[in-house]
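The figures here come from the full heavy-atom set of this structure, side chains too, leaving out hydrogens, waters and symmetry mates.
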Amino acid sequence: MAPPFSHGDFVAALHRCATLAHLKQLHAHAVVTTRAAAQTTTFHLIRFASLRLTCLPYARRLFDATASPNVFLYSAMLSAYAASSSSSHATQEHARDSLALFLRMLRRGRPGPNQFVYPLVLRAACAVGVQLVRSIHCRSCKDGFYDGHDVVRTSLLDGYSRYGMMGDARKLFDGLTKRNVVSWTALVSGYARAGKAGDAIVLFERMPQRDVPAWNAIIAGCTQNGLFVEAVGIFKRMVDEGFRPNSTTVSCLLSACGHLGVLKIGKVIHGYAWRSSVGFGSSVVNGLIDMYGKCGNLMEAQWIFDEYSDKGLTTWNSLINCLALHGRSESAIAVFNEMRNEGVQPDVVTFVGLLNACTHGGFVDEGMKYFELMCGEHEIEPQIEHYGCVVDLLCRAGQFQDAMNFINDMKIKPDEVIWGSLLNACRIHRHLELGEHAIRKLLDLNPNNANYVVMLANLYSEGGFWEEVRKVRNLMKEDVIGKKLPGCSWIEVNRKTHRFYSGDDGHPESEDIYNTLDELATSMEMQDIFA
DNA sequence: ATAGGGTTAG
């Protein structure tokens, strides 16, 4: 006969379980002492199995073994699904399972969903589609879990904001009985994701209180909108005000450093991850590979990649992108093959990197082969980025007819990047006719972009068509088109940042730089001739 | 018991 075992004893014992085997023993003990019949026991077992031991299937079996689960068990199960959605594939699958449970509740009518169930179901609905968010919104109104239930409202706010529906999100925010740091943060992230970084920053500055996720939201919002300098500035404020950055902060910042090419700050962040408790989880490691790669330190990126044992899809993608960026085309392709041998399924981003590698290496046939592989075997619907890569690939190789045929066969409308790639190649290969065609398409898409007119002038002047050049120059003087911003780039060498504008000769070593550029161009042409 | 923050891309 088992000794008496109170509920308190049971919970205490549960928290000392380190493995699923321990949990099963305790479960068995509960069955023997008939405690298993109590739904509070099952509730604790489900939560511990799923959240602490990350064993979702066991949690589900416990749930399924209960004849008429109460609302606590439903919400424990929904939390379990929400917590174990790490990869996007798992998210989809778990979202479907969560929604199936919700539908079961509605069908059976008992227990009805309550204010704890709605936020969990809404999180799953977000992963599926905004229509579902809307339906659940309606349902929550009918059930009376809408007015006055700020947590449900905040979940809805987040749901709409993830689909860029900021009007609806704003209404939900304005109708809250009491705003808090969570609802403010949800709104800030929403505006940032919708591309309204300015609105996001204004709201952030108005927030009555801020915590680490709130700072992360605005830093992420800046990086998502290309405001990398601002992201670094806000990070400095965050640290000055005594907040402790976590791994999310660090990965956002590494992204910003990579885009800016500021190795110095990137290394400081790396050092911070080392000293603090942030550590080297996948997001930080992937961010480091990307940052070092973009800042020119390919060796360091490769080294971090090699040392990291828990390589995920993004880890592989980051390295392939770095290699492509550095013109190491064969290595990028080799890493891609290695990745597939390891059984990691490539995604849309992988193929952008891979196609870029092919473009930079001039591997036209391989590039086309990988494009086919992506559409065929991997069943990935090509995005505009992939089309852009292929057009670039064909154009740089001078295969204009193939490029035009490819553009005409595209399933989506060609954008500025597609026509821009074509135009650039036409300029290099002096293909005037097709170049004019590309310019026309570009001006159709964006009549106010002065860059295109400058490109047209360049196209004519490099072909020696001076009369046309004069016409275009006159067109520019009419000021119908805004002023062209000069192209700008910068690089950090030996702790000093050197900045260059296009056509700029202000750098002290300008003459050497242009000489080296000429040498490189000549050497490249020679390689072309003898290839 | 429930809600907010994330990296890779021409």
Starting at [atom1] of [X] and ending at [atom2] of [N], how long is that distance when rounded to a whole Å?
X: Phe371(A); N: dG10(B); atom1: CZ; atom2: P; answer: 16 Å
X: Asn216(A); N: dG4(B); atom1: CG; atom2: C1'; answer: 11 Å
X: Phe235(A); N: dT7(B); atom1: CZ; atom2: C1'; answer: 16 Å
X: Arg396(A); N: dG10(B); atom1: CZ; atom2: P; answer: 11 Å
X: Glu385(A); N: dA9(B); atom1: CD; atom2: C1'; answer: 6 Å
X: Phe305(A); N: dT7(B); atom1: CZ; atom2: P; answer: 20 Å
X: Leu319(A); N: dA9(B); atom1: CG; atom2: P; answer: 13 Å
X: Arg162(A); N: dG4(B); atom1: CZ; atom2: P; answer: 7 Å

(message) With rounding to the nearest 0.5 angstrom, report the CD1 to CZ distance, Ile136(A) to Phe145(A).
(response) 14.5 Å
Name the nucleic acid region contacted by [X], choosing base, sugar-phosphate or nothing; use a 4.0 angstrom heavy-atom cut-off, strictly under.
X: Asp211(A); answer: base
X: Phe72(A); answer: base
X: Gln224(A); answer: sugar-phosphate
X: Arg179(A); answer: nothing
X: Val348(A); answer: nothing
X: Ser75(A); answer: base
X: Ser155(A); answer: sugar-phosphate
X: Val391(A); answer: nothing
X: Asn356(A); answer: sugar-phosphate

Give the nucleotide from the list [options] with an atom nearest to the side chain of [X].
X: Pro119(A); options: dT2(B), dG4(B), dA9(B); answer: dT2(B)
X: Val151(A); options: dT2(B), dG10(B), dG4(B); answer: dT2(B)
X: Ala214(A); options: dA3(B), dG4(B), dT8(B); answer: dG4(B)
X: Arg123(A); options: dA1(B), dG4(B), dG10(B); answer: dG4(B)
X: Asp415(A); options: dA9(B), dG10(B), dT7(B); answer: dG10(B)
X: Asp290(A); options: dA3(B), dA9(B), dA1(B); answer: dA9(B)
X: Ile418(A); options: dA1(B), dG4(B), dG10(B); answer: dG10(B)

(message) Take a 6.0 Å sphere around CD of Gln209(A) and say whether it holds more than 12 heavy atoms from other residues, nucleotides or ligands.
(response)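 12 or below, so no.
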(request) Kindly check if the number of other-residue, nucleotide or ligand heavy atoms within 6.0 Å of CD (Glu307(A)) is above 12? (result)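 Correct, the count exceeds 12.
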(message) Which residue in the set Leu394(A), Leu393(A), Ile418(A) passes side-chain contact (heavy atoms from CB on, under 4.5 Å) when paired with Phe406(A)?
(response)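 With Phe406(A) as partner, side-chain contact (heavy atoms from CB on, under 4.5 Å) holds for just one option, Leu394(A).
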(message) Using 30° and 60° as the class boundaries, would you call the ring planes of Phe336(A) and Tyr370(A) parallel, tilted or perpendicular?
(response)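 Perpendicular: the ring planes of Phe336(A) and Tyr370(A) meet at over 60°.
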(message) Check for me: is Trp184(A) stacked on dG4(B) by the 5.5 Å centroid and 30° plane-angle rule?
(response) no
(message) Quick check on ring-ring contact (aromatic ring centres under 6.0 Å, His included): which of Tyr58(A), Tyr74(A), Phe72(A), Phe43(A) does Phe63(A) satisfy it with?
(response)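 It is Tyr74(A); the other options fail the test.
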